[in-house]
*Asks:* 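Here it is: the structure, laid out below.
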Amino acid sequence: MRKRSRAAELRLRLTDGFGVFIVQSVTRSQLAYHRGFKSVQYAFTELSTMTVLSVKQALSGAQVGSEITVRGWVRTRRDSKAGLSFVHLSDGSCFAPIQIVAAASLSNYTDTVQHLTAGCAIIVEGLLLPSQGKGQSFEIQARRITVCGWVENPETYPIQPKAHSLEFLREVAHLRPRTNLVGAVARVRHTAMTAIHRCLSEQGFIWVNTPIITTSDAEGAGEMFRVSTLDLANLPHTPSGEVDFSKDFFGKEAFLTVSGQINVEAYCLAMSKVYTFGPTFRAENSNTTRHLAEFWMVEPEIAFADLIDNATLAEGFLKAIFCAILDERSDDMAFFAQRIEPTSLTRIQALVKAPFERIEYGEAIKILKKANRPFTFPVEWGIDLQTEHERYLAEEHIGRPVVVMNYPEAIKAFYMRLNDDGRTVAAMDVLAPGIGEIIGGSQREERLDVLDRRIAQFGLNVADYTWYRDLRRYGTVPHAGFGLGFERLLCYICGLTNIRDVIPYPRAPGQASF
RNA sequence: GCCCGAAUAGCUCAGCUGGUUAGAGCAUCUGACUGUUAAUCAGAGGGUCGUAGGUUCGAGUCCUACUUCGGGCGCCA
């Protein structure tokens, strides 16, 4: 490695607003990269004495009366020929932009400030003051405004200060985080993800990083994406004409995971309370507003637990996430309630207060039979609930999320525990209005003999489940868990109806741009 | 995979049973005005009406195919 000259480094000191020094190294090549941007170099060198605040920190008012610096992207500019321009600046740290008051006396007022358009990246130094106008509590009286990056053609910049269609925003996935909506989703997504880790960790759960690549094609949760380094144009074959996967990278067929559950069960039967949380891949040709080919799933698994414990865990878990959103993202939630779905805020406020409705599958069937309405799919004990049935239960009959438990054994996975009635398994689904199934889980079959019968009954090869069966041979215990579709949860929280709007870069059949 | 719908300016849309030069709001540019709040007012620029065929004296409008997007259903989280 080439020895890097210390002299080639320019050390920059920035405060982050809490008085903590950040020392940042900028190499010669980085400076060369910025050679065309004089203003950037200028800003870097001048920043050493400035207090850099996020918009969120600035709007808190804690540093009112101080000279501060904020950096971000212009949302709107309004001019006053009387000698003022108002620039709304956003940096993603909170929902609200901060208002920059730019006086005509600024040296670059006419040639720069008056040409700022939506999307321009700027650095603003000035005095943080209580606002003289209505609509915001604090604003910055600019002393200096430096343009970091212009918008090369304002006429074609896609993000304008107006309502865009969600369909259009999906086409500009790289710029849509600059909108109110997608910015709010990004913050809520982060908060929900952080809350999941925090809430589980506080209850003693261990986060287990189950593999993304699996050689088990027996996970049974759907079509899988193949992982291979074989040359597709020149596949090796066995004497019998099959593709010879022994020549492949892993020496056998490999896929992207469709669930971490099987793997996390092993850690559950050692660590007691565990969860896995990561990306999950399904190669199903699903074209709906609630399916993605790549999505994130959190799967808690608890030992010495039954289905009731599982449902209780799921309820407390969802409520903890909702509470965190209400506590930490009230600004974004107010926006969703105002512009996206009026009930998005009130429904999760109500939900954290009331116990979840829990009904037996058999009871759900009775309710659906009594429903005074025609269903496309006839209702009979033994059927799997269709979307229309789930919607009726969650949206009309109950009016809020509902846990349906103990489904017929024939329609659920082999690993779910067979109930004493012999015809149902200890499975549960949490159904949310507008979204449908948000959680699917079960108590797992811990009895080896019953598990073996189930494997045979489902026509599965017992040899594929050697290590899974070991867990039942060596110190088996009742255990249970569930999977929560993270993006479906976000849809419910934000009141958005298309799952492609709550993940930064959605992957779906025929769709993997960006 | 199945069914339905849509495609007109940078964006959101209007454009009637086919008929002269395809409109509006926002955005952009110019000007006026104002401690403004997705400001307001006046003006200007901006279009191969998704693509390719067809019907017709004449197609943004009707027909066919294709492409892309959206919605519903199935599979599921």
*Asks:* Taking only Lys NZ, Arg NE, NH1 and NH2, and the carboxylate oxygens of Asp or Glu, determine whether A:Lys412 and A:Asp429 approach each other closer than 4.0 Å.
*Replies:* yes
*Asks:* Per the ring pair (Phe, Tyr, Trp, His ring centres under 6.0 Å) rule, which among A:Trp207, A:Phe295, A:Phe486 passes with A:Phe277?
*Replies:* A:Phe486
*Asks:* Pick base, sugar-phosphate or nothing for A:Ser85, based on heavy-atom distances below 4.0 Å to the nucleic acid.
*Replies:* nothing
*Asks:* Test for a donor-acceptor pair under 3.5 Å between the base of B:G71 and the side chain of A:Glu167, counting only N and O atoms.
*Replies:* no
*Asks:* Indicate yes or no for a side-chain donor-acceptor contact from A:Glu315 to the backbone of A:Thr312 under 3.5 Å, with no hydrogens or angles considered.
*Replies:* no
*Asks:* I want to verify a distance call: between B:C73, B:G35, B:G10, whose nearest atom is closest to the A:Gln99 side chain?
*Replies:* B:G35
*Asks:* Can you figure out which of B:G35, B:C29, B:C73 approaches the side chain of A:Thr117 most closely?
*Replies:* B:C29
*Asks:* Identify whether any heavy atom of A:Arg77 sits under 4.0 Å from a base atom; if not, whether one sits that close to sugar-phosphate; answer base, sugar-phosphate or nothing.
*Replies:* nothing
*Asks:* Side chain of A:Gln136, base of B:U36: donor and acceptor closer than 3.5 Å?
*Replies:* yes
*Asks:* In whole angstrom, what separates A:His164's NE2 from B:G10's C1'?
*Replies:* 9 Å
*Asks:* Any donor-acceptor pair under 3.5 Å between the side chain of A:Arg488 and the base of B:C76?
*Replies:* yes
*Asks:* What nucleotide among B:G35, B:C73, B:U28 has an atom nearest to a side-chain atom of A:Asn287?
*Replies:* B:C73
*Asks:* Would you call the rings of A:Phe414 and A:Tyr468 parallel, tilted or perpendicular if under 30° counts as parallel and over 60° as perpendicular?
*Replies:* perpendicular
*Asks:* Regarding A:Thr289, tell me which of base, sugar-phosphate or nothing describes its non-hydrogen contacts under 4.0 Å with the strands shown.
*Replies:* sugar-phosphate
*Asks:* Quick check, does A:Phe295 stack with B:A77? I mean ring centres under 5.5 Å and planes off by under 30°.
*Replies:* yes
*Asks:* Where the side chain of A:Val101 is concerned, which of B:G35, B:A77, B:C73 is the nearest nucleotide?
*Replies:* B:G35
*Asks:* Nearest to the side chain of A:Gln511, heavy atoms from C-beta on, is which of B:U36, B:C69, B:C76?
*Replies:* B:C69
*Asks:* Looking only at heavy atoms, what is the nearest atom pair of A:Val113 and A:Ser85, with distance?
*Replies:* CG1-CB, 4.1 Å
*Asks:* Both A:Arg500 and A:Asp79 contact RNA chain B. Taking the nearest nucleotide for each, which residue is further toward the 5' end?
*Replies:* A:Asp79
*Asks:* Closest to the A:Gln141 side chain: B:G70, B:G35, B:G10?
*Replies:* B:G35
*Asks:* Within the structure shown, what part of the strands sits under 4.0 Å from A:Leu489 by heavy-atom distance: base, sugar-phosphate, or nothing?
*Replies:* nothing
*Asks:* Kindly say whether, by distance alone, the side chain of A:Gln160 makes a donor-acceptor pair under 3.5 Å with the base of B:G10?
*Replies:* yes
*Asks:* Please report the distance separating the C1' of B:G43 from the corresponding atom of B:G60, rounded so that it comes out in whole Å.
*Replies:* 28 Å
*Asks:* Looking at B:C73, B:U12, B:G71, which one has an atom nearest to any side-chain atom of A:Arg290?
*Replies:* B:C73
*Asks:* Are OP1 or OP2 of B:G71 and a side-chain N or O of A:Asn498 less than 4.0 angstrom apart?
*Replies:* yes
*Asks:* Classify the nucleic acid contact of A:Ile159 as base, sugar-phosphate or nothing, counting any heavy atom under 4.0 Å across all strands shown.
*Replies:* nothing
*Asks:* A:Arg78 side chain: which of B:G10, B:C75, B:A39 is closest?
*Replies:* B:A39
*Asks:* A:Glu139 near the nucleic acid: base, sugar-phosphate alone, or nothing, with a heavy-atom cut-off under 4.0 Å?
*Replies:* base
*Asks:* Would you indicate which nucleotide in B:U37, B:G35, B:G71 comes nearest to any side-chain atom of A:His88?
*Replies:* B:U37
*Asks:* Heavy-atom distance under 4.5 Å between the side chains of A:Leu496 and A:Leu166, does that happen here?
*Replies:* yes
*Asks:* Sticking with atom P, work out how far B:C4 lies from B:U48, rounded to a whole angstrom.
*Replies:* 32 Å
*Asks:* Using a heavy-atom cut-off of under 4.0 Å over every strand shown, decide if A:Arg170 touches base, sugar-phosphate, or nothing.
*Replies:* sugar-phosphate
*Asks:* Ion pair present between A:Arg290 and A:Glu437, side-chain N to carboxylate O less than 4.0 angstrom?
*Replies:* no
*Asks:* Taking only the side-chain heavy atoms of A:His291 (C-beta and beyond), determine which of B:C11, B:U36, B:C76 contains the nearest atom.
*Replies:* B:C76
*Asks:* Is a donor-acceptor contact shorter than 3.5 angstrom present between the side chain of A:Ser286 and the base of B:C75?
*Replies:* yes
*Asks:* Can you say whether a donor on the side chain of A:Gln386 sits under 3.5 Å from an acceptor on the base of B:G74, or the other way round?
*Replies:* no
